[in-house]
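Report on one structure; see the data block that follows.
Predicted model only: the values in this text are computed from it and were never measured. A note on names: the letters A, B, ... follow the listed sequences, proteins ahead of strands, and every chain is numbered from 1.
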Amino acid sequence: ASVSGFLSLLSFTILFLAWLAGFSSRLFAVIRFESIIHEFDPWFNYRSTHHLSTNGFYEFLNWFDERAWYPLGRIVGGTVYPGLMVTAGLIHYILNLLHVTVHIRDVCVFLAPVFSGLTAVSTFLLTRELWNQGAGLLAACFIAIVPGYISRSVAGSFDNEGIAIFALQFTYYLWVKSVKTGSVFWTIGCCLSYFYMVSAWGGYVFIINLIPLHVFVLLLMQRFSRRLYIAYSTFYIVGLVLSMQIPFVGFQPIRTSEHMAAAGVFALLQAYAFLQYLKDRLTRQEFQTLFFLGVSLAAGVVFLTLTKPSLPPLLRYAKIHIPIIASVSEHQPTTWVSFFFDLHILVCTFPAGLWFCIKNINDERVFVALYAISAVYFAGVMVRLMLTLTPVVCMLSAIAFSSVFEHYLGDDMKRENPIKQHPFYPVKNSSVYSKLIVTMLMLMLLMMFAVHCTWVTSNAYSSPSVVLASYNHDGSRNILDDFREAYYWLRQNTDEHARVMSWWDYGYQIAGMANRTTLVDNNTWNNSHIALVGKAMSSNESAAYEIMKSLDVDYVLIIFGGVIGYSGDDINKFLWMVRIAEGEHPKDIRESDYFTPQGEFRVDKAGSPTLLNCLMYKMSYYRFGEMQLDFRTPPGFDRTRNAEIGNKDIRLKHLEEAFTSEHWLVRIYRVKKQENRQALDHKLRNIAAKQKYTSKKVLPSRFH
Amino acid sequence: VAASEMFYKLLIIAFLAVSLYGTPSDGQKKKETLLSEKVSQMMEWTSKRAVIRLNGEKFRRLIRAPPRNYSVIIMFTALQPQRQCGVCKQADEEFQILANSWRYSSAFTNRIFFGMVDFDEGSDVFQMLNMNSAPTFINFPAKGKPKPADTYELQVRGFAAEQLARWVADRTDVHIRVIRPPNYAGPLMLGLLLAFIGSLAYLRRNNLEFLFNKNVWAFSALSFVLIMTSGQMWNHIRGPPYAHKNPNTGQVSYIHGSSQAQFVAETHIVLLFNAAVTLGMVLLHEAATSDLDIGKRKIMCVAGIGLVVLFFSWLLSIFRAKYHGYPYSFLE
């Protein structure tokens, strides 16, 4: 008893430390900068959570946001996965109920790091079900610090994925548990967890395809059992009903092809169970006839399911070159460098774990093998889906490391007796040296992994991207706070209902920080609206003015990195604007017009005249030609593109500069209102001077 | 449309001229018969092959000489193997797709034709047009001489049939919907593979043990995983070159210098390294559990250590070479 007590204390301590390590390694951004919401999408999530916590849940569900997608607006309640907002709002509510008065922003900032601890715990539970306690603890430690997961869950990155990975792992744990036990209790738990996942992230589709796949493969392997039947039948029905409660999901689970595999497998399982039942009741001859009938029917059902496969849409998604999808960097396929960067040693060791699992197969190891194979495929197609691969890589690597450690780290003297009776592990008197070397090597690899994770987290994944930092030669740091400076300028100095046009990347931030109406934002649901903004940016000023007038634009906001050498600015994104505009308006915008005859995109004198006179160019480089950054370069030298700009004498007719931030990173222009009377572009009517008649009369004499 | 209207107008004017003056001028009539001869000639060739092969003589007569009411898109190329023009072959394929899409489309008219001049058949044409690079696409419009925009910007737009079709639509107002012949290679290969597996299963129908062999399944799962983690999907979608040969020094580099891209060779190396580390881990495990005699197990153990250490350190050094500023290394 004391041994098991000691063991559970040890596991508890290790899990606690893993949680702590995971939490603290996600705090780089908070310590370097401040407690701030990062990037783009989190700003929208934060804004809606704020709305939820101030106005209540029902107001949130019915929220029509008229500040987005002007003049269309957006029904927020019906177009978001509310799980994230509700979770943060609930924590905030409970804390305030206990008189722990924290701001909702702090709850949002620290939500993902806290949930990473829960993910570690659920990964531990799942791995323990699959292999053993030791592997579970290793897996928990891996997932706590692995960069592939940290990339989406640092403090301040308040996004769906932060809580969804916990829900994913926990659902899988409960699923494995229910297949193992065949108890309705665990299955209902699994359904509730699935419901939480559906409310949190669109990635729930992965679960609703993987679990049926698991059942299907188990049937093929003739591993049908009553446990499986109970687990899946309950899961499918209850999970289906629960998932349809989310407004954004609605009737999709019974309509779209992504969910059809689950329905097909449900029908198949029923048929299979029915056949099993008949087999017990009928003679062999009768059964054979019935069996063939049933098999052909089932094959038909499966065929119908498979003709609408759920996997190819993803591949198509990546292959078809839709500019708006292609312009997002996280939709690119994955290079091996990204795999190594995000997983390090785990990427080479997890196939070993997969090997051990398949060699010692049982019901739940079938599940983990399918999980690994499908997740690795998706991660290969799209960088972003590395996130779903990471947990299974952690689990399988933990299994690999744990099965090596098991034999090389053990104390021979104590383990000799019990192991001797164990049929699988006959004791081997491998020399102490080899044990020592292997153990040291494994520890060394794990240490390198930990160091790598910390380095990657610190250098690659901890930038809020709202606040930038630059380092001087002596190591001192400059904070570039231009974004917030500009957004607060908008907030303080413009009319409350002013409409700000910008590229869609900055829509959520403008709405969140400046609280002003935007035309397009990161929820890129309306391509033609985005194309219109792209067209305005890539047309000449007078054509753009017509578009801006029709959209009631008051201000235009652009990002310009030429002064400090910031590469993510609008000129570098400009070709995407052109491409998206060209997709909708091929007559007016042509990508080739923006290239030189040699096919280069240049901003200097050799650049194409269309580029040098378009609105985006003019706004970016307005007055920049007068600016000499240092004595080695001529005035108007763009540091991002390392070129002297080609059009230094820029005059604006319909716009005027309203604000430029300290490092010129954000520039805001006011769109001039139309003058009362339009100036005529032809000469005023000239009344021909008529012949003058002068009286020939002699004037009266009194005038003399 | 404008061009054909123009053609009809011309006809009407010609007709009027005939009816008014009674006797048509000899030159006019000759011109017309010449034109219709040329058109029917072009139509006949096009019906045989979507892309008309032209030599110097034909080029001068059908394209260069004046009476012409049709546009001709001509590809100047060098397809003979001794010219060693790899791009020409790919461009030719795309051009054929475009021409065939037009040839078999329902909107097919005699307003536009597709032709090609091979350097080895019409080098005089190349000289005449003062051309020194192939492939080049030039549109010879129905009226007047080719303008600068009538030369396709191959460097900028690439030679995809869709891009060519857009350019053609731009220059001639003829919209061609590119229809690629479906690629049967993929399904055919899959079918063959399935047939092979099926026949194998049939031949060994008395002994289907291998279906239950865990090693087979584990091995195929591992191969799939290794293929994916070494970025083969990226290769499949992006189609990078196998390796890069520096044209000046002749040096071949197998590793791409940037972390954003990769060569095919590089991914094969990484696949091998990943597999070696995996193998090392499995060997270490087997060394401790298998029933072999102590000597063999010792060898397995040493081999396992060696594989893990060596290949992981190599993997790390490739990663370091690509990811500039990465500070850590192993055994270096």
Side-chain angles (χ1 to χ4, degrees), chain A residues 318-319 332-341 343 345 347-361 369 372-373 376-377 379-381 400-401 403-404 406-408 424-426 428-431 434 437-438 441-442 444-445 448 451-452 455 459 586 590 592 595 597-599, chain B residues 153 155-157 166 214-215 217-218 221-222 224-234 236-238 259-262 266-267 270-271 273-282 284-285 287-289 291 294 297-298 301-302 304-305 308-309 311-312 315-316 319 322-323 325-328 330:
Chain A
K319 275 194 113 176
Q332 310 298 325
T334 316
T335 57
W336 76 265
V337 172
S338 313
F339 277 106
F340 191 83
F341 189 71
L343 302 169
I345 179 77
V347 81
C348 350
T349 51
F350 96 98
L354 186 61
W355 177 268
F356 297 142
C357 274
I358 296 181
K359 291 286 276 185
N360 306 301
I361 202 89
I373 288 166
V376 81
Y377 169 75
V381 174
F401 273 105
S403 26
V404 172
E406 210 168 351
H407 304 293
Y408 290 92
F424 288 112
Y425 303 120
K428 306 289 175 192
N429 38 3
S430 44
S431 70
S434 71
I437 291 170
V438 171
L441 172 67
M442 290 295 136
M444 182 111 158
L445 289 178
M448 288 178 65
V451 171
H452 171 90
W455 185 84
N459 284 284
R590 266 196 214 100
S592 54
F595 288 112
Q598 287 76 40
Chain B
E153 296 155 318
Q155 303 292 331
V156 181
R157 307 177 70 166
R166 277 166 88 175
K214 282 172 193 160
N215 283 336
W217 289 104
L222 247 62
F224 181 75
V225 163
L226 287 169
I227 283 169
M228 283 295 154
T229 54
S230 59
Q232 304 298 331
M233 186 51 94
W234 195 93
H236 177 69
I237 291 174
R238 289 293 152 82
S259 61
Q260 305 291 320
Q262 59 190 16
E266 177 184 339
T267 60
V270 168
L271 194 152
F273 286 10
N274 279 343
V277 176
T278 303
L279 182 67
M281 291 293 276
V282 174
L284 280 178
H285 178 259
T289 55
D291 298 325
I294 188 87
R297 286 199 285 120
K298 225 168 210 165
C301 182
V302 171
I305 295 172
V308 171
V309 169
F311 284 97
F312 186 66
L315 192 63
L316 205 60
F319 177 74
K322 283 175 74 84
Y323 202 91
Y326 184 72
Y328 306 114
F330 185 45

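- Ring pair F330(B)/Y328(B): centre-to-centre distance not below 6.0 Å.
- Looking at F401(A), both its backbone and its side chain come within 4.5 Å of chain B, counting heavy atoms on both sides.
- Distance check: I373(A) CD1 to M228(B) CE gives 11.0 Å after rounding to the nearest 0.5 Å.
- A distance of 11.5 Å separates CE in M444(A) from CD1 in I345(A), rounded to the nearest 0.5 Å.
- Between chain A and the residues L271(B), L315(B), T267(B), the largest count of heavy-atom pairs under 4.5 Å involves L315(B).
- Annotation: maximal heavy-atom pairing with chain A below 4.5 Å, among V302(B), V282(B), N274(B), occurs at V282(B).
- No part of F311(B) comes within reach of chain A, as not one of its non-hydrogen atoms sits under 4.5 angstrom from that chain.
- At a 4.5 Å heavy-atom cutoff, the contact between V225(B) and chain A is made by backbone and side-chain atoms alike.
- In terms of heavy-atom pairs under 4.5 angstrom with chain B, the leader among T334(A), L343(A), V404(A) is T334(A).
- Taking the six-membered ring for Trp and thresholds of 30 and 60 degrees, F340(A) and F319(B) have ring planes inclined between 30 and 60 degrees apart.
- The backbone N or O of C348(A) lies less than 3.5 Å from a partner atom in the side chain of T278(B), making a donor-acceptor pair.
- Residue contact with chain A, scored on non-hydrogen atoms closer than 4.5 Å, involves the side chain of L226(B) exclusively.
- The greatest number of non-hydrogen atom pairs below 4.5 Å with chain B, out of W355(A), W455(A), F339(A), is found for W455(A).
- The distance from the OG atom of S338(A) to the CD atom of Q260(B) is 7.5 Å, given to the nearest 0.5 Å.
- Contact of F341(A) with chain B is made through backbone and side chain together, with heavy-atom distances under 4.5 Å.
- Side-chain N/O atoms of R238(B) and Q332(A) include a donor and acceptor closer than 3.5 Å.
- Note that CD of Q262(B) and CH2 of W336(A) are 8.5 Å apart. Values are rounded to the nearest 0.5 Å.
- Heavy atoms of V308(B) lying under 4.5 Å from chain A belong exclusively to its side chain.
- Only the side chain of L441(A) comes within contact range of chain B, with heavy atoms under 4.5 Å apart.
- Q232(B) does not touch chain A: none of its heavy atoms, backbone or side chain, sits under 4.5 Å away.
- Taken to the nearest 0.5 Å, the CD1 atom of I358(A) stands 9.5 Å off from the CH2 atom of W217(B).
- Contact count against chain A (heavy-atom pairs under 4.5 Å) is highest for L284(B) among V277(B), L279(B), L284(B).
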